[in-house]
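These notes concern the structure reproduced below.
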2 protein chains.
Amino acid sequence: MILSRTTEYALSVLAFMATRNQKMYAAELLHQELKIPRQYLRRLLTDLSKKGFIISTRGRSGGFVFARDMSTINIAQIIDALEGADAMNTCLLGFTACIAGHPCAMHDLWAESRSKVIETLTKTTLGDLSEKYRKDIVTGCL
Amino acid sequence: MILSRTTEYALSVLAFMATRNQKMYAAELLHQELKIPRQYLRRLLTDLSKKGFIISTRGRSGGFVFARDMSTINIAQIIDALEGADAMNTCLLGFTACIAGHPCAMHDLWAESRSKVIETLTKTTLGDLSEKYRKDIVTGCL
DNA sequence: ATAAATTGCTACCTTTTTGTAGTAATTAAT
DNA sequence: ATTAATTACTACAAAAAGGTAGCAATTTAT
């Protein structure tokens, strides 16, 4: 259950942008709010825009906006974009030859747990996070 | 859902040792069977013995044996020993201030999914893997 | 005793991930 | 036009993870 630090940064940024009701976010603001290293964050934001989650605008009063409606971006998509789409589809025991017809001893139990996790991550969108925050069900955790 | 390569190696080794009914395993055999880099594997085995999963015997006809009954070693213990005990207890969105009373927008959903995974990993022991293999329910995946 | 087969240890190397610095390009305000 | 505020890009540095090599220590077989 471990995401790379970069993936966590991406989730922090997008969740922050989703919950605060602001149209445009400058890298500098996100850096100060989220304490993510400035230059590293800049690169990450460029990457997230290349991956189609956000759109960048240069120049004075520029920054980043969501590229599409928040309700169409789910958590699994973000993780997949950063970790690789089948980062979660590997054999738990590390056997490369492990497949359905030739399963390792953890295969079925693991497939079941994993699909529950994927279901949770897939059904939760940034729109859902935004709504929970607006309704004061959760905090911003800063 | 990503373990480090080292953790995967550890799970491969211990699962292999659990399923083949052999008392002692030399590093060289494990290297050849599992294709884990020889010297890296040697270090890992020494580490696993320091962590109390296996016992090493030096000298001719030496090797590694389980330190305790396989039914007392579960998958979660192995992962914890290699990744750190609370590697799985971090906030999914990467917020360090995320705690029960001050939860992020994913907190509850994530806690639920995660506890299911942990339950699965905790209830499955190396003894269980051994049994499934003996009964031909699963393969060795090599 | 000697040789062979094993683990333990240390030092180093390579690759990947994370972080930093500075400059160029772009846009808006004045 | 000039300046200020922003993103884009490139190159580098530091830290962590993964991998290699060789020798020392230990045990068993002969």
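Chain letters run A, B, ... following the sequence lines, proteins first, then strands; residues in each count from 1.
B:T46 has a side-chain polar atom (N or O) that falls below the 4.0 Å cut-off from OP1 or OP2 of C:dG8. Between B:S56 and C:dT6 there is no side-chain polar atom (N or O) within less than 4.0 angstrom of OP1 or OP2. Neither OP1 nor OP2 of C:dT6 sits under 4.0 Å from any side-chain N or O of B:S61. Regarding contacts with the backbone of D:dC9, a side-chain N or O of A:K50 is found under 4.0 angstrom from either OP1 or OP2.
Atom CD of B:E28 and atom P of D:dT20 are 13 Å apart (whole Å). A straight line from OH of A:Y40 to P of C:dT17 spans 9 Å, rounded to a whole angstrom. Look at CG on B:L48: it is 14 Å from C1' on C:dT7, rounded to the nearest Å. Rounded to an integer number of Å, the gap from CG of A:L3 to C1' of C:dT18 is 16 Å. Summarising the geometry, the separation between CZ on B:F64 and P on C:dA5 is reported as 17 Å, rounded to the nearest angstrom. As a whole-Å value, the separation of B:R5 CZ from D:dG19 C1' is 10 Å. We find that CD of A:E8 is positioned 13 Å from C1' of C:dT18, with the value rounded to whole Å. We find that CG of B:L44 is positioned 12 Å from P of C:dG8, with the value rounded to whole Å.
Side chain of A:Y25 to main chain of A:M17: a donor-acceptor pair is present (N/O by atom type, distance under 3.5 Å, no hydrogens or angles). Side chain of B:R114 to main chain of B:T90: a donor-acceptor pair is present (N/O by atom type, distance under 3.5 Å, no hydrogens or angles). No side-chain donor-acceptor contact under 3.5 Å links A:K132 to the backbone of A:V138.
Within 4.0 Å of B:R38, counting heavy atoms only, lies no atom of the nucleic acid at all.
Taking the nucleotide of DNA chain C with the nearest heavy atom to each of B:Y25 and A:T57, the more 5' of the two is matched to B:Y25. If A:Y9 and A:G59 are placed on DNA chain C by their nearest nucleotide, the residue sitting closer to the 5' end is A:Y9.
Contact of A:R42 with D:dA8 (side chain to base): a donor-acceptor pair of N or O atoms is detected under 3.5 Å. No hydrogens or angles were tested; on distance alone, a donor-acceptor pair under 3.5 Å links the side chain of B:Q39 to the base of D:dG22. Between the side chain of A:R43 and the base of C:dG19 there is at least one donor-acceptor pair of N/O atoms closer than 3.5 Å.
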- prompt: salt bridge (charged side-chain N to carboxylate O under 4.0 Å, His left out) between B:E28 and B:R38: does it pass, once the steps are laid out?
  reply: CA-CA 7 Å; B:E28 185 60 22; B:R38 186 181 277 111; 2.8 Å; yes
- prompt: Yes or no on side-chain contact (heavy atoms from CB on, under 4.5 Å) for B:F95 and A:L34, after CA distance, side-chain angles and deciding distance?
  reply: CA-CA 9 Å; B:F95 295 125; A:L34 299 168; 3.9 Å; yes
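Using modelled atom types and a 3.5 Å distance limit, the side chains of A:E83 and A:S4 yield a donor-acceptor pair.
Among D:dA5, D:dT10, D:dT28, the nucleotide with an atom closest to any side-chain atom of B:R60 is D:dT28. Listed candidates were D:dT28, D:dT7, D:dT26. Nearest to the side chain of B:R58 is D:dT26. Closest to the A:P37 side chain, of the nucleotides D:dT20, C:dG19, C:dT7, is C:dG19.
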